[in-house]
Amino acid sequence: MTAPLPYNASADIVHYIAGAPYVGQGERRQAVYNPATGAVARHVRLAAEADVHAAVAAAAAAFPAWAETPPIRRARVLNNFLALLNQHKDTLAAMITAEHGKVFTDAQGEVMRGIDIVEFACGAPQLLKSDFTDQVSTGIDNWTLRQPLGVVAGITPFNFPVMVPMWMFPVALACGNTFVLKPSERDPSASLFVADLLKQAGLPDGVFNVVQGDKLAVDALLSHPDVKAISFVGSTPIAQYIYETGAHHGKRVQALGGAKNHMVVMPDADVEQAVDALIGAAYGSAGERCMAISVAVLVGDVADKVMPKLAERAKTLKIKNGMELDAEMGPIVTREARDRIEGYIALGVEEGASLVVDGRGVRASGLENGFWTGGTLFDNVTPQMRIYQEEIFGPVLACVRVKDFAEALDLVNAHQYGNGVACFTSDGNVAREFSRRVQVGMVGINVPIPCGCARRACCSTWPKSASRPSSAAICPRPPPDRPWPRWS
C-alpha cells in the first residue's frame, strides 16, 4: 500500500443547512487540533439556538416530499451515495486521522463499517413491506403501515466520526425521515464531506442537515418540538441526560453510554492468541472506543504466563503519526483527554496497583507537541480501585487475578457496566457455560471485541504479526473470522 495523502484544510468548519454550507448566527468558534502535532488545524463555528432552529426548519420543510418519495427511489439516492463513499473512502479516512488521531488503517476500517450500514439501508424497500391479516374478526381485516416519524436527529461522539453517524442517518433517510446531525466539535470535518456527497448523490435539499456545536446545540435539539426522535452515543452521564431530557419533551430516545469491558483468560487458553487479542483490543485506536477491552481477568496460573508477554508487547508498540502505515497506535484526541488518562494512571499507582508499563511521557519522534501517551499496563488490580470501576477511555489495561472460573464470572457480573465481554479458552464446555451465564449484552469466545461494528473498525490496528482469533476452535457454527455475539 502506498502512503496515503494527509488531509489539510484551514477554512472554518461551518454548518450545512438546506443543501448548502451555512455560516449561521453563532459567533463562538472552537479550535480543531491535529492531535499528532498539537497544532490548531482550523476552527469550527458553534451553533447558536437560531442555527439549530434553522436546521430543523429545513428538515421539517423537506419532510413531506421525502416521506412521499417511493422507497425504491430513496434507495437509489443511497445507492449513489454508496458509490461516492467507495470512491472517496480514503479521503474520509485521512480526515479522521487528521482530527481524531487514530492510525490510517484503523480509520479505513471505520469508513468501511459505515459503508456496510449504507449497503444495508439500500435494502430498506424490502424491509418496509407491510403485513396483512385477513378476517382478523368477522368482517374485519388488519394491516400495518410503516411510516416515517418526521425530523430525527443524531448526536455523535468524537471516536468514530464517520461510522457512528452512519449507524443512524442512512436507515433514517431510507425510511423517509429527514435528519439533523450534531457531530462532535473535536473532529467535525467528515460531517460536511458526507453532506456534500449526499447532495452529489441526489438527496433533496433539507433532507440531511448538519449543525456544529456543543451543549447549547444539543439542548436546542432536545427541546425542539419538531424533532421527533434522538439517537446518541457517548459517555454514560451524558447518555442519561439525553435520555431523561428527550423523554421529558416527548421524544423517542436511543442513548448509548460507556463501558468497561472484560476479557477472561482461562488457564487452558492459547496464550499467544490471548496476548495478541489483548494488545489489539486494549491499545487499538488508543483505547478510545466503548468496545475496547480495558480489563483482563487472568484465571489461575495463566497470569504468570500472560503478564511478561503483555509487558513486552506493550513496551514495543509503534506509536506514531497515524498517517505512517506502520503505526500501531496514534495520539490521544485532545490534550485534555491525554491529561485525564494520565491522571488515571497516577491514581492507579496511588491505589496500589502494580504499574508494569507506564505510558506517560511517551512521545512520537519529531512530534513532541502532540497529544501522546503510550500503552499502559497494570497488574494486581482489585475491584475496589477506580481504575477498575471507571471507564478511562484510553490505552490503559488493568489486569485482575482470580483463582477460578466461578470467581471470574462473578467479577464480570458484579460490574456496573455490561456492554461486551470475551472469554479465551480451549474448553468447549467452559465456552458454553460462560456465554450462557455471563450477564453482559455481547459475548465473544476467543474473539477480543465481541461486536461486528467495533471489531471491523479496529482489527486493522492489530500488530501486523498477530494472527486473527478464530471462534471455530470452540464451535464450528460461527464463520472463522466472525465474533460470537449474543444480544440482550
Side-chain angles (χ1 to χ4, degrees), residues 1-8 32-39 41 88-115 157-164 184 186-187 189-190 276-294 313-334 337-338 341 359 362-376 393-397 448-449 453-466 468:
M1 179 178 177
T2 57
L5 294 175
Y7 175 71
N8 294 301
V32 177
Y33 291 88
N34 181 329
T37 65
H88 297 286
K89 58 188 177 185
D90 284 354
T91 301
L92 271 172
M95 286 183 182
I96 296 168
T97 297
E99 294 182 352
H100 173 274
K102 68 177 65 175
V103 301
F104 182 74
T105 49
D106 190 355
Q108 285 179 309
E110 175 186 342
V111 175
M112 288 307 300
R113 181 50 183 159
I115 287 173
F158 73 86
N159 58 332
F160 288 100
V162 170
M163 184 182 76
V164 171
S184 171
R186 298 180 188 178
D187 46 10
S189 292
D276 280 348
L278 281 168
I279 291 295
Y283 302 126
S285 197
E288 293 177 313
R289 54 188 176 197
C290 62
M291 289 308 298
I293 292 294
S294 50
R313 295 283 293 278
K315 290 175 182 176
T316 57
L317 283 171
K318 294 178 181 177
I319 300 171
K320 298 183 173 185
N321 185 330
M323 296 306 290
E324 297 188 42
L325 292 180
D326 63 340
E328 292 174 346
M329 197 174 88
I332 305 302
V333 65
T334 64
R338 191 268 313 276
I341 292 165
V362 171
R363 298 291 182 266
S365 177
L367 296 168
E368 287 73 15
N369 294 324
F371 310 140
W372 303 99
T373 192
T376 293
F393 219 66
V396 180
L397 179 61
I449 297 182
C453 57
R455 183 164 179 262
R456 174 67 179 273
C458 73
C459 62
S460 57
T461 66
W462 287 24
K464 305 302 182 291
S465 61
R468 302 282 176 92

Smallest separation among heavy atoms of [X] and [Y], with atom names:
| X | Y | answer |
| --- | --- | --- |
| Ala93 | Val111 | N-CG2, 4.0 Å |
| Leu325 | Phe104 | CD2-CD2, 4.2 Å |
| Ala314 | Ile279 | N-CD1, 4.0 Å |
| Asn159 | Cys290 | ND2-N, 4.1 Å |
| Gly374 | Ile319 | CA-CD1, 3.5 Å |
| Pro157 | Ser184 | C-CB, 3.7 Å |

**Exceeds 12 heavy-atom contacts within 6.0 angstrom, atom CZ of Phe158** =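 Enclosed.
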If you define the side chain from C-beta out and look only at heavy atoms, does anything of [X] sit under 4.5 Å from [Y]?
| X | Y | answer |
| --- | --- | --- |
| Pro331 | Arg338 | no |
| Glu99 | Pro161 | no |
| Thr373 | Pro395 | yes |
| Val333 | Phe371 | no |
| Ile96 | Asp106 | no |
| Lys89 | Gln108 | no |
| Val103 | Met329 | no |

Once rounded to the nearest 0.5 Å, what's the spacing between atom [atom1] of [X] and atom [atom2] of [Y]?
| X | Y | atom1 | atom2 | value |
| --- | --- | --- | --- | --- |
| Ser285 | His100 | OG | NE2 | 4.5 Å |
| Thr97 | Asn321 | OG1 | CG | 8.0 Å |
| Leu92 | Met163 | CG | CE | 13.5 Å |
| Asn369 | Thr37 | CG | OG1 | 8.0 Å |
| Met95 | His88 | CE | NE2 | 10.0 Å |
| Met323 | Leu5 | CE | CG | 7.5 Å |

Please answer whether the main-chain N or O of [Y] pairs with a side-chain N or O of [X] as donor and acceptor at a distance below 3.5 Å.
| X | Y | result |
| --- | --- | --- |
| Tyr283 | Leu278 | no |
| Glu368 | Gly366 | yes |
| Arg289 | Ala281 | yes |
| Asn34 | Ala41 | no |

**Request:** For the pair Arg313 and Asp276, evaluate side chain to side chain contact (heavy atoms under 4.5 Å, CB included) and give the outcome as yes or no after the intermediate values.
**Result:** CA-CA 9 Å; Arg313 295 283 293 278; Asp276 280 348; 2.7 Å; yes
**Request:** Report the C-alpha separation of Glu110 and Lys102 in whole Å, then their side-chain angles, then the decisive distance to 0.1 Å, and conclude whether the salt bridge (Lys or Arg N to Asp or Glu O under 4.0 Å) test is met.
**Result:** CA-CA 10 Å; Glu110 175 186 342; Lys102 68 177 65 175; 2.8 Å; yes
